[in-house]
Amino acid sequence: GARLRLPLPRELRDVLVRDWAQVTREPRHWPALPRSPTVAELLAGFVDGKAAAAPGAQAAKWRDVGAALLAYFDACLPKLLLYRQEREQWASRAARGATPAALYGAEHLLRLLAKLPVLLVKTDLAPGELPQLAAKLGALVDHLAKRRGELFLDHYELREAHLGAYGLGAPERRA
């Protein structure tokens with residue numbers, strides 16, 4: 001079938017690498033939750049801006065894409081978007097009933113965008129819909145790249161600091 005092409009610019013690929021390294025290497029770091037803006041806020045602001053500038057039917061399509069991305073994010077985060085080292089953080093927050101999109105920010109949305117071409121191989125999109133979807137997702141990628149300084153964290157917090165904040169036991173003492 002047709003595949004979605006969604007190339008990420010180098011500066012966003014660099015963000016993904018830095019994100020991976022902070023979470024998976026010792027000492028482990030997590031982004032503080034809830035992030036600001038959250039994925040829900042980020043997508044709402046982006047989609048509202050695009051929809052406001054688009055004629056009627058196009059505005060509705062922007063809103064559909066935003067709603068679909070939000071639903072996809074919430075469904076994908078626990079199983080596909082977290083590194084093994086972050087599951088403990090999610091488990092501590094999920095117990096409080098928050099949705100992923102109300103907690104996580106641009107870093108995890110970028111992880112979803114990086115995986116979307118593979119995830120969407122199994123969807124029933126009509127061939128004519130793929131280029132439209134690719135254009136809308138490409139606009140979101142451009143938006144993230146342009147605003148990366150304000151949307152992405154340079155440094156996450158030490159995991160141990162979070163464990164204390166979430167009441168998950170005392171931080172490990174290292175000699």
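Since we're looking at a predicted model, the values are computed, not measured. What's counted below: heavy atoms across the whole structure, side chains too, no hydrogens, waters or symmetry copies.
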* Asked: Is there side-chain contact between L113 and L116, with at least one heavy-atom pair below 4.5 Å?
  -> yes
* To do: Verify the cluster assignment for W20 and L81: are they in a single hydrophobic cluster under the rule of side-chain heavy atoms below 4.5 Å apart?
  => no
* R13 side chain to L8 main-chain N or O, any donor-acceptor pair under 3.5 Å? -> yes
* Asked: Do R3 and V118 touch side chain to side chain, with heavy atoms closer than 4.5 Å?
  -> yes
* To do: Report the distance from atom CG of D19 to atom CD of E86, rounding to the nearest 0.5 Å.
  => 6.5 Å
* Asked: Does the side chain of F73 come within less than 4.5 Å of T99's, by heavy atoms?
  -> no
* **L120 side chain near L130 side chain, heavy-atom distance below 4.5 Å** => no
* **V23 reachable from L151 in the ILVMFWY side-chain graph, under 4.5 Å edges** => no
* To do: Would you give the length of the straight line joining atom CG of L43 to atom NE2 of H143, rounded to the nearest 0.5 angstrom?
  => 9.0 Å
* Of Q89, E88, E26, which is the lone residue that meets side chain to side chain donor-acceptor pair (under 3.5 Å) with R159? -> E88
* Residue pair V39 / L103, side-chain heavy-atom distance below 4.5 Å -> no
* **Test item: R148 side-chain N/O and L12 main-chain N/O as donor-acceptor pair under 3.5 Å** => no
* Asked: Which atom names give the shortest non-hydrogen contact between W90 and A98, and what distance separates them?
  -> CH2-O, 3.6 Å
* Structure fact -> Value for CG (L82) from CG (L77), rounded to nearest 0.5 Å, stands at 4.0 Å
* A101 and L70: which non-hydrogen atoms are nearest, and at how many Å? -> CB-CD1, 3.5 Å
* If you round to the nearest 0.5 Å, how far is CG of L69 from SG of C76? -> 10.0 Å
* State, yes or no, whether a side-chain contact exists between L153 and Q22 at a heavy-atom distance under 4.5 Å. => no
* Any ion pair linking R35 and E150 (charged N to carboxylate O, less than 4.0 Å)? -> no
* How many angstroms lie between CD in E107 and CG in L16, if you round to the nearest 0.5 Å? -> 10.0 Å
* For residues A59 and A51, report the shortest heavy-atom separation together with the two atoms involved. => CB-O, 3.4 Å
* **Contact summary for L6 and P117, nearest pair of heavy atoms** => CB-CG, 4.0 Å
* Asked: Do E157 and W30 come close enough that some side-chain heavy atom pair is under 4.5 Å?
  -> no
* **From R111 atom CZ to Y104 atom OH, the distance as rounded to the nearest 0.5 Å** => 8.5 Å
* Begin with the C-alpha distance, continue with both residues' side-chain angles, and end with the deciding distance and a verdict on side chain to side chain donor-acceptor pair (under 3.5 Å) for Q85 and H29. => CA-CA 9 Å; Q85 296 85 350; H29 291 72; over 6 Å; no
* Under the side chain to side chain contact (heavy atoms under 4.5 Å, CB included) criterion, do V65 and Q132 qualify, and how do the steps go? -> CA-CA 10 Å; V65 167; Q132 285 185 30; over 6 Å; no
* Asked: Can you say whether the rings of F46 and W62 are parallel (under 30°), tilted (30 to 60°) or perpendicular (over 60°)?
  -> perpendicular
* Side chains of F152 and L144 in contact at under 4.5 Å (non-hydrogen atoms) -> yes
* Asked: Between the main-chain N or O of T24 and the side-chain N or O of R28, is there a donor-acceptor pair closer than 3.5 Å?
  -> yes
* **Cluster link Y83 to Y156, ILVMFWY, side chain under 4.5 Å** => yes
